[in-house]
Number of protein chains: 2
Amino acid sequence: MEDQEIRNAGLKVTAPRVKILELLENSQQRHVSAEDVYRMLLAADQDIGLATVYRVLTQFEEAGLVEKHHFEDGHSVFELDKGKHHDHIVCVTCGRVKEFVDETIEERQQKIADELGFQISEHDLVIYGKCLDDECDRKG
Amino acid sequence: MEDQEIRNAGLKVTAPRVKILELLENSQQRHVSAEDVYRMLLAADQDIGLATVYRVLTQFEEAGLVEKHHFEDGHSVFELDKGKHHDHIVCVTCGRVKEFVDETIEERQQKIADELGFQISEHDLVIYGKCLDDECDRKG
DNA sequence: CCAATAGATGAGAAGCTTTTGCATTCAATC
DNA sequence: GATTGAATGCAAAAGCTTCTCATCTATTGG
Ligand SMILES: [Mn+2]
Ligand SMILES: [Mn+2]
Ligand SMILES: [Zn+2]
Ligand SMILES: [Zn+2]
């Protein structure tokens with residue numbers, strides 16, 4: 001179960017950590033903010049402080065269990081690290097997020113970095129737009 | 001001069017607006033934060049509040065005079081809108097920023113959006129890395 | 001030019017997300 | 001079960017940005 005992942009990360013197995021990891025694994029939406037996690041915990045009657053949520057997510061990130069992204073709406077979102085790099089397209093109306101991988105884009109970025117004299121450490125590509133989902137306009 | 005650009009934007013021609021626009025046009029670095037602008041104004045003995053800097057930059061953005069970007073270090077950066085879209089590559093050590101345009105990447109993004117059912121409104125692509133500039137390690 | 005007025009400004013307070021300090025609690029180890 | 005360094009919750013603080021409001025000013029048109 002989750003215990004071992006937490007232990008492997010060099011962290012003590014505590015209720016907050018287990019709950020948060022479970023939550024990330026079972027959540028409907030892959031991409032959640034610290035506040036989202038906090039509210040989900042409250043809804044599940046877990047008495048865990050927001051500071052702890054931030055601390056745990058940061059530790060999970062350092063341990064490679066989760067990834068953190070900055071979408072344009074002010075706060076960061078976290079997702080389980082599934083090992084394979086991908087980028088995101090976000091609906092500006094309903095907030096839906098889809099993931100994609102495009103090898104051509106990846107190659108081009110490498111080429112650009114080479115030409116401009118940079119050694120890439122990472123990159124962030126987020127496309128913003130309006131999705132065509134039926135329920136898009138009905139959601140907040 | 002700048003007066004007309006400001007007037008065309010539907011804004012009154014005031015000292016803060018003229019100074020800020022001049023500053024953006026003459027600055028060494030194209031990409032500056034609100035705080036950068038504020039400090040430059042102080043250095044030029046202009047008594048302009050930080051709130052005004054934010055307000056003016058936001059108004060300039062709405063008027064299409066400047067563009068705003070979010071790099072990963074917390075604060076936003078502004079640059080004069082030169083009309084042609086471009087993306088950025090940022091040095092994580094010295095902060096240098098270079099711009100690039102890659103038509104292939106642009107096309108691929110459009111293709112991805114089509115496939116996933118999104119109508120693109122904008123996108124943000126930032127590559128982070130270490131630049132090979134001689135002075136890179138010597139700068140803050 | 002001056003008066004009237006809608007708009008702009010500066011200073012500080014407030015807002016929001018994220019981090020930190022600290023006393024208390026707890027998991028790991030023996 | 002006792003020991004101890006790590007983890008937690010809470011409240012305070014930080015960092016960036018926006019807002020409030022009393023004061024000031026650019027614009028206009030007389
Ligand atoms: Mn993702
Ligand atoms: Mn630029
Ligand atoms: Zn949508
Ligand atoms: Zn550099």
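Every chain is numbered from 1 and lettered A, B, ... according to where its sequence line falls, protein lines coming before strand lines.
Residues A/H85 and A/E67 bring no donor and acceptor atom of their side chains to less than 3.5 Å of each other.
Salt-bridge check for B/E99 with B/K82: passed, with a basic side-chain N closer than 4.0 Å to an acidic carboxylate O. A/E107 has no carboxylate O lying under 4.0 Å from a charged side-chain N of A/K111, or vice versa, which leaves the two without a salt bridge.
Separating the NE2 atom of A/H70 from the C1' atom of C/dT18 is a distance of 11 Å, rounded to the nearest angstrom. Counting to the nearest Å, the C1' atom of C/dT18 and the CD atom of A/E35 are 11 Å from each other. Between the P atom of C/dT9 and the CG atom of B/L41 lies a distance of 12 Å, rounded to the nearest Å. Whole-Å rounding puts the A/L50 CG to C/dT18 P distance at 9 Å. When the P atom of C/dA8 is taken as reference, atom CD of B/Q46 falls 19 Å away, rounded to whole Å.
The A/A51 side chain lies nearest to C/dT19 when the options are D/dA7, C/dT19, C/dT18. Checking C/dG10, D/dC10, C/dT18 against every side-chain atom of A/D47, the shortest atom distance belongs to D/dC10. Set against C/dA28, D/dA7, D/dG9, the side chain of A/R17 has D/dA7 as its closest nucleotide.
Place B/Y38 and B/L11 on DNA chain C by their nearest nucleotides, and B/L11 ends up nearer the 5' end. Taking the nucleotide of DNA chain D with the nearest heavy atom to each of B/H75 and B/K12, the more 5' of the two is matched to B/H75.
Side-chain N/O atoms of A/Y54 include none lying less than 4.0 angstrom from OP1 or OP2 on C/dT19. Of the side-chain N and O atoms in A/S76, one or more sit less than 4.0 angstrom from OP1 or OP2 of C/dT18. Contact check, A/T52 against D/dA7: no side-chain N or O comes under 4.0 Å of OP1 or OP2. Proximity of A/S33 to the phosphate of C/dT17: no side-chain N or O atom is located under 4.0 Å from OP1 or OP2.
Judged by distance alone with a 3.5 Å cut-off, a donor-acceptor contact links the side chain of B/R55 to the base of D/dT20.
The hydrophobic cluster around B/L132 extends to none of the other residues, as no ILVMFWY side-chain heavy atom falls under 4.5 Å of it.
A donor-acceptor pair under 3.5 Å is formed between the side chain of A/D36 and the backbone N or O of A/S33.
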